Q: 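Have a look at the structure that comes next, please.
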Amino acid sequence: MIPQACHPPVTYNNRRICHGKESGSISKRVQLAKVPESVRLRTKCKAKLYKYHWPNGFECPKYGHNTCYELKTRQLFQCIHYRYQCSITSGTIFDSSQLPLTTWFLGIYLITQAKDGMSALSLRGFLDISVNTAVKMKHKLRHVMKNADDHEPPCS
């Protein structure tokens, strides 16, 4: 019997994120074309996070002013009035994380699309991160999802 041909590996940021075989409920052969563009591109991730963080435009978290300028070298926003600096990740689960936003968004996508859940080892394989980082990522995401479920009104 001739073995079935493996599908070509899918790459993300020049890294291999799939293994050609399917196992469990989620295919390890992630179709990158099905992953939304907002997850794959850094500028789209930043724009989406900016819109979520400040839906009505920038607002200084400390003083409430709405005028700022961007410090591109440090990727910060600075309030014009009092020079308070903040980033689009401040006050979110992405705060104080060294992972790029694209890795976070792809991790969120993979975890939420898995039918029976995803282990930290699987997440590590897909994202090419350490197991400890994958465990911390899953823990933060579970915490956020639980808080979101707790604050939703019950169905009528």
Side-chain angles (χ1 to χ4, degrees), residues 1-59 61 68 70-72 74-77 85-156:
M1 181 174 181
I2 300 172
Q4 291 181 346
C6 291
H7 297 283
V10 176
T11 58
Y12 174 74
N13 284 348
N14 297 322
R15 294 181 185 160
R16 185 177 168 161
I17 63 167
C18 75
H19 308 287
K21 292 184 179 180
E22 294 185 6
S23 67
S25 63
I26 185 168
S27 169
K28 286 201 174 198
R29 187 178 53 82
V30 176
Q31 296 293 334
L32 198 57
K34 291 182 181 176
V35 176
E37 189 178 76
S38 62
V39 172
R40 292 183 280 139
L41 301 174
R42 182 179 21 207
T43 55
K44 298 266 185 179
C45 289
K46 284 184 178 183
K48 192 171 211 140
L49 191 57
Y50 182 91
K51 189 174 181 179
Y52 173 77
H53 202 61
W54 297 303
N56 300 322
F58 176 80
E59 183 178 323
C68 72
E70 187 175 358
L71 304 173
K72 295 195 185 250
R74 297 186 57 213
Q75 297 181 359
L76 294 172
F77 294 94
Q85 296 178 351
C86 62
S87 71
I88 57 172
T89 60
S90 61
T92 66
I93 60 171
F94 314 116
D95 196 10
S96 70
S97 173
Q98 298 298 316
L99 290 177
L101 284 177
T102 51
T103 304
W104 270 101
F105 276 52
L106 185 59
I108 292 168
Y109 179 80
L110 292 171
I111 289 171
T112 57
Q113 297 304 310
K115 292 179 184 173
D116 295 329
M118 176 176 275
S119 70
L121 288 174
S122 297
L123 192 61
R124 178 197 67 83
F126 281 113
L127 300 178
D128 196 26
I129 57 178
S130 72
V131 177
N132 289 341
T133 303
V135 168
K136 289 176 185 175
M137 178 186 278
K138 282 190 65 175
H139 179 74
K140 285 184 174 186
L141 292 175
R142 275 196 220 122
H143 182 72
V144 167
M145 289 190 286
K146 183 188 178 310
N147 286 345
D149 285 345
D150 289 347
H151 295 303
E152 278 187 16
C155 295
S156 300

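Residue numbers run from 1 in the order of the sequence given. Treat the numbers as computed from the prediction; the structure is a model and nothing was measured.
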Q: Determine the minimum heavy-atom distance between Met145 and Ile111, stating which atoms define it.
A: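 Closest approach of Met145 to Ile111: CE-CG2, 4.5 Å.
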Q: Mind checking whether Leu99 and Leu127 have side chains closer than 4.5 Å, heavy atoms only?
A: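 No, side chains not in contact.
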Q: Quick check: closest heavy atoms across Lys48 and Phe105, and the distance to 0.1 Å?
A: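 That closest heavy-atom pairing would be CD-CE2, 3.9 Å.
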Q: The criterion is side chain to side chain donor-acceptor pair (under 3.5 Å); which residues satisfy it with Lys146, sequence neighbours excluded?
A: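 Result, side chain to side chain donor-acceptor pair (under 3.5 Å) vs Lys146: Asp150.
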Q: Tell me if a side-chain donor or acceptor on His53 pairs with a main-chain N or O of Ser90 at a distance below 3.5 Å.
A: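 Side chain of His53 to backbone of Ser90, a donor-acceptor pair under 3.5 Å: yes, one is there.
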Q: If you define the side chain from C-beta out and look only at heavy atoms, does anything of Thr89 sit under 4.5 Å from Leu101?
A: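 Heavy-atom side-chain distance check passes, below 4.5 Å.
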Q: Partners of Ser97 by side chain to side chain donor-acceptor pair (under 3.5 Å), sequence neighbours excluded?
A: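 Residues passing side chain to side chain donor-acceptor pair (under 3.5 Å) with Ser97: Trp104.
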Q: Show me the donor-acceptor pairs, under 3.5 Å and distance only, between side chains in residues 133-140 and residues at least two apart or in other chains.
A:
{"from": "Thr133", "atom 1": "OG1", "to": "Ser130", "atom 2": "OG", "distance (Å)": "2.8"}
{"from": "Lys138", "atom 1": "NZ", "to": "Met118", "atom 2": "O", "distance (Å)": "2.3"}
{"from": "Lys140", "atom 1": "NZ", "to": "Ile93", "atom 2": "O", "distance (Å)": "3.2"}

Q: How would you list, by chain and number, every residue that makes a side chain to side chain donor-acceptor pair (under 3.5 Å) with Gln85, sequence neighbours excluded?
A: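 Here the qualifying residues are Arg74, Gln78.
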Q: Going from CD on Gln98 to CD1 on Ile129, what distance comes out if it is rounded to the nearest 0.5 angstrom?
A: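 Atom-to-atom, Gln98:CD and Ile129:CD1 are 13.5 Å apart.
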Q: Looking at Tyr50 and Gly57, what are the two nearest heavy atoms and their distance?
A: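 For Tyr50 and Gly57, the tightest heavy-atom pair comes out as OH-C, 4.1 Å.
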Q: Can you name the side-chain contact (heavy atoms from CB on, under 4.5 Å) partners of Leu121, sequence neighbours left out?
A: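 Result, side-chain contact (heavy atoms from CB on, under 4.5 Å) vs Leu121: Ser119, Arg124, Val131.
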Q: Residues in side-chain contact (heavy atoms from CB on, under 4.5 Å) with Cys68, at least two apart?
A: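 With sequence neighbours excluded, Cys68 shows a side-chain contact (heavy atoms from CB on, under 4.5 Å) to Phe58, Phe77, given in chain and number order.
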Q: Apply the test side chain to side chain contact (heavy atoms under 4.5 Å, CB included) to residues Ile88 and Trp54: give CA-CA distance (whole Å), side-chain angles for both, the deciding distance (0.1 Å), then the verdict.
A: CA-CA 9 Å; Ile88 57 172; Trp54 297 303; 3.7 Å; yes
